[in-house]
Amino acid sequence: MPHKYVLKSHFGAENNFRINYQADLTEEQLPIATAPGGPMLVIAGAGSGKTRTVTYRVAYLVESGVPLDRILLVTFTNKAAKEMLSRVELLLKRDVKGIMGGTFHHVGNLMLRKNAKCIGYEPNFTILDRADSKDLIDACLGEAKIDVKARRFPKGEALQDIYSLSLNTNRTITDVIAYNYAQFESMTEEIEGVFNLYVQRKRKNNLMDFDDLLYLWHKLLAENRDVAGQYAAKFLHVLVDEYQDTNLLQAKIINLLAAKHRNLMVVGDDSQSIYSFRGAHFKNIINFPKVYPDARLYKLEVNHRSTPEILAIANTAITLAKEKFDKSLRTNRPSGQKPVVAPLTTVYEQAAFVAQRLLELREEGQSLNDMAVLYRSHYQSLEVQMELTKRGIPFEVRSGLRFFEEAHIKDVIAYLKVFHNPNDELSWGRVLKLLPKVGPRTAEKIFQFICQAGDPRETIAQDGVLKVIPGGGERSFKQFQALMAQLKEKRDKPAEMIKAVSESNYADHLKEQYPNYRERLEDLEQLGSYATQYKSLEELLSSLALASGIEAETIVEAGETGEKEACVLTTVHQAKGLEWKSVFLVWLADGRFPSYLSFDKEEEMEEERRLFYVAVTRAKDELYLLYPLIYSGYDGEVLMKVSRYLEELPSWAYDKWEVEESLDSSACGGLARDEEAVDLSEYREIKIKNRGDFEAIDIKELFA
């Protein structure tokens, strides 16, 4: 017979439990897992054992006699729900499949299937994935007789994001466009018309998209009291994970489901609320005590991840937040290395620092899998990607595609390629198909025409080519000819060529094609900055080709397991919930982190601070906070101002490393410019004054 542990239950069940809650849980976790019920807000600091606490809470409810089908567990990923419930099964040594657990969308789907007729649907409705949803929107654009290419009207993907943000934030289409998509404001009425057609088609064909699973779920509960009452009576206990990431609809749904018994436990960290761009509503967690005045507040403040020195940085940063629940992370881990703050002369030296320190840490026995480079925006990874590729250090980009695989980067490079090699049919085709009214067949006709009379770069500027341009496309083609004339004048200045393309009608193309067009324009600015170090188009394109041709991902295998090694490059947003032994946080300059786009918006600046907090708390043992002093842009060199988050830190909280300039300053930031220097075993060494000089590491020997 298994041993039973005596613990007073709040639910009237026997006091003999299979699990020894007092032994398994900390002093912070135990009262949460064994609480009597009622509304509960659990503020779970980073690395504080939140998942463990929720898991034991569910197990305690089951052991206390709460029927499985009367427990609802809502998470933000199906993986999280499965992990928690499988842990509960291991703890209890029994099946708990009767518990309703999963994401908001999963639970909404189940309830909508059972009650579809209440909202005018049939139970066998089809759920559209994102691609199917876009296809249906495109069909609605056709029905409305809107030619998106001729009119510069937002494409299907952009319309999807507008509609989604409207539904999830409970704002009108007009409001969302005015605040988030101002470039489409003149088309608001037509966009609303397309949205109405989209809604009608979905209803007519018994279709729902992912946003409908929330919107119609809330509609079902809010407008059908019998249905809402049935579910509110059914669920004795409702538990919600990552509550700081809920949107307005989700919070309203949870309040309706917990209305009768009011045994609602929400778990989250206000300091990690960083997804407002997806519709997450920070006030949900902040205002929970106002919505439930009798709610008990619990805090998990013992961080089991990071050293005391790293937590000192995190606590200092978040203390200055204007709206927060007071908490101070502490740890039971021994003291470790102080975080390092290192100003680097340029972004190239910053990348060299990261690469060299990664190699040192690996030589000291740390796996590349335990290291990560974090940044505010994807474009800030460019120089690091180039430097790691040059040195043959394997890396995995989780914030998107590798920089030079991005569509907009390939577009702009295609413009440059046709001036370097006028017979490059692929690049001509890519550039021409960006124009309104020009598809693959027309692009082929244009290319054949301009190749007939000598140099295509000359022929493309002549009026004769207009005869192969479709009707309605002449105006945009003449603008294209003007751009090509500009590029011809700037042929020996690749950075200025990139600037000319990014400031042309191509910027309008990005606005219509991509909801995140601002980030893509930043990518192009960074590409232009990177190009300033090259004196000719040939040098730049050769460097980029060599960089993209090196396969760095498959070089290293870790020990006897044969597991592939690669450090992670990711935005902070993508890093939430993850951890590494060593973390490098780059580009800590004001305007880059925090982003200049948030400077005049108080709520967004508060979120930027929380983003910095999330970044810092990803590190377990070592944290490197880096920033460039000088940025070389289109208009010359600019002196960067250190991030306010570093300025706020007390000097005792970190070690400052002073870095001498690179040994080979002419090779800053990319593959060397002459063929003899392309050997991957040769690279820049940086010297850190207050640590003493160190010898360069032989990469070939290290990876042998």
Side-chain angles (χ1 to χ4, degrees), residues 78 103-177 180-181 183-220 223 247-250 253 277-279 407 433 436-437 439-440 509-517:
N78 282 315
T103 64
F104 277 93
H105 295 89
H106 171 71
V107 178
N109 174 52
L110 295 177
M111 294 189 186
L112 286 168
R113 295 278 180 200
K114 288 187 176 181
N115 303 277
K117 290 185 182 295
C118 295
I119 53 168
Y121 273 81
E122 294 300 319
N124 65 338
F125 60 80
T126 300
I127 299 173
L128 301 170
D129 62 20
R130 189 166 175 85
D132 291 336
S133 171
K134 177 185 175 296
D135 288 345
L136 186 58
I137 290 174
D138 287 340
C140 294
L141 286 167
E143 184 180 341
K145 294 182 171 51
I146 295 173
D147 185 339
V148 293
K149 199 153 190 178
R151 292 255 345 260
R152 296 289 188 184
F153 199 82
K155 306 276 192 305
E157 288 183 359
L159 292 173
Q160 277 181 307
D161 287 336
I162 293 170
Y163 302 153
S164 179
L165 196 57
S166 171
L167 291 179
N168 288 302
T169 58
N170 199 28
R171 293 154 59 200
T172 65
I173 294 289
T174 301
D175 183 37
V176 167
I177 292 174
N180 301 90
Y181 299 89
Q183 70 271 27
F184 302 137
E185 200 160 9
S186 64
M187 308 171 194
T188 299
E189 189 173 338
E190 288 173 287
I191 292 172
E192 286 181 322
V194 173
F195 184 43
N196 290 334
L197 286 174
Y198 178 59
V199 172
Q200 290 167 18
R201 281 207 178 194
K202 285 188 295 180
R203 181 66 61 95
K204 178 183 176 182
N205 296 304
N206 205 33
L207 304 171
M208 290 188 195
D209 59 27
F210 271 77
D211 294 314
D212 291 327
L213 294 178
L214 295 182
Y215 176 74
L216 294 176
W217 182 18
H218 175 256
K219 182 181 177 69
L220 169 70
E223 297 180 1
N247 61 37
L248 281 167
L249 272 180
Q250 290 164 330
I253 288 167
F277 65 94
R278 294 181 187 167
K433 283 184 287 188
K437 300 288 187 181
H509 165 77
L510 291 181
K511 288 179 182 179
E512 297 140 17
Q513 192 73 24
Y514 304 108
N516 65 337
Y517 78 92

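Just so you know, these numbers come straight off a predicted model, no measurement behind them. Just so you know, these numbers use all the heavy atoms, side chains as well, and skip hydrogens, waters and symmetry mates.
- Here the straight-line distance linking atom CD of E157 with atom OH of Y514 works out to 8.0 Å at 0.5 Å rounding.
- Annotation: the span from N170 atom CG to L248 atom CG amounts to 6.0 Å, rounded to 0.5 Å.
- Between T174 and the choices E189, E192, E185, the side chain to side chain donor-acceptor pair (under 3.5 Å) rule is met once, by E192.
- Side-chain N/O atoms of N196 and R201 include no donor and acceptor closer than 3.5 Å.
- With sequence neighbours excluded, no residue forms a ring-ring contact (aromatic ring centres under 6.0 Å, His included) with Y215.
- Side-chain atoms of Y181 and D161 form no donor-acceptor pair, as typed in the model, at a separation below 3.5 Å.
- Between K511 and F184, the closest heavy-atom pair is O-CZ, 3.1 Å.
- With rounding to the nearest 0.5 angstrom, the CZ atom of R130 is 12.0 Å from the CG atom of D132.
- When all heavy atoms are compared, the tightest approach of L165 to F277 is CD1-O, 3.9 Å.
- Counting heavy atoms from C-beta outward, P440 and K433 have side chains that approach closer than 4.5 Å.
- Residues R113 and N109 bring a donor and an acceptor atom of their side chains to less than 3.5 Å of each other.
- The ring-ring contact (aromatic ring centres under 6.0 Å, His included) search around H218 returns none, not counting sequence neighbours.
- Of the possible polar contacts, one joining the N206 side chain to the E122 backbone as a donor-acceptor pair under 3.5 Å is found.
- Y198 contributes atom OH, which lies 14.0 Å from atom CD of E143 (distance to the nearest 0.5 angstrom).
- Checking each of L207, L216, L112 against F125 for a side chain to side chain contact (heavy atoms under 4.5 Å, CB included) leaves exactly one that passes, namely L112.
- D129 and S133 form no side-chain donor-acceptor contact under 3.5 Å, judged by distance and modelled atom types alone.
- Considering every non-hydrogen atom in both A144 and L197, the closest pair reads CB-CD1, 4.0 Å.
- Checking side-chain atoms of N115 against main-chain N and O of C118 turns up no donor-acceptor pair under 3.5 Å.
- Qualifying ring-ring contact (aromatic ring centres under 6.0 Å, His included) partners for Y163, counting only residues two or more places apart in sequence or in other chains: F195.
- Among all heavy-atom pairs drawn from G120 and R203, the shortest one is O-CD, 3.7 Å.
- Note that the CG atom of D138 and the CG atom of L159 stand 8.5 Å from one another [nearest 0.5 Å].
- Panel note: side chain S166, backbone R171; a donor-acceptor pair is recorded below 3.5 Å.
- Rounded to the nearest 0.5 Å, atoms OH (Y121) and CG (L220) are 12.5 Å apart.
- Using a 4.5 Å cut-off on side-chain heavy atoms (C-beta onward), W217 and V107 make contact.
- The pair D212-K219 fails the salt-bridge criterion, with no side-chain N (NZ, NE, NH1 or NH2) lying under 4.0 Å from an Asp/Glu carboxylate O.
- Residue V176 forms a side chain to side chain contact (heavy atoms under 4.5 Å, CB included) with just one option from T188, L167, I191, I162, and that option is I162.
- A pairwise comparison of heavy atoms in I119 and M208 identifies CD1-CE, 4.2 Å as the closest pair.
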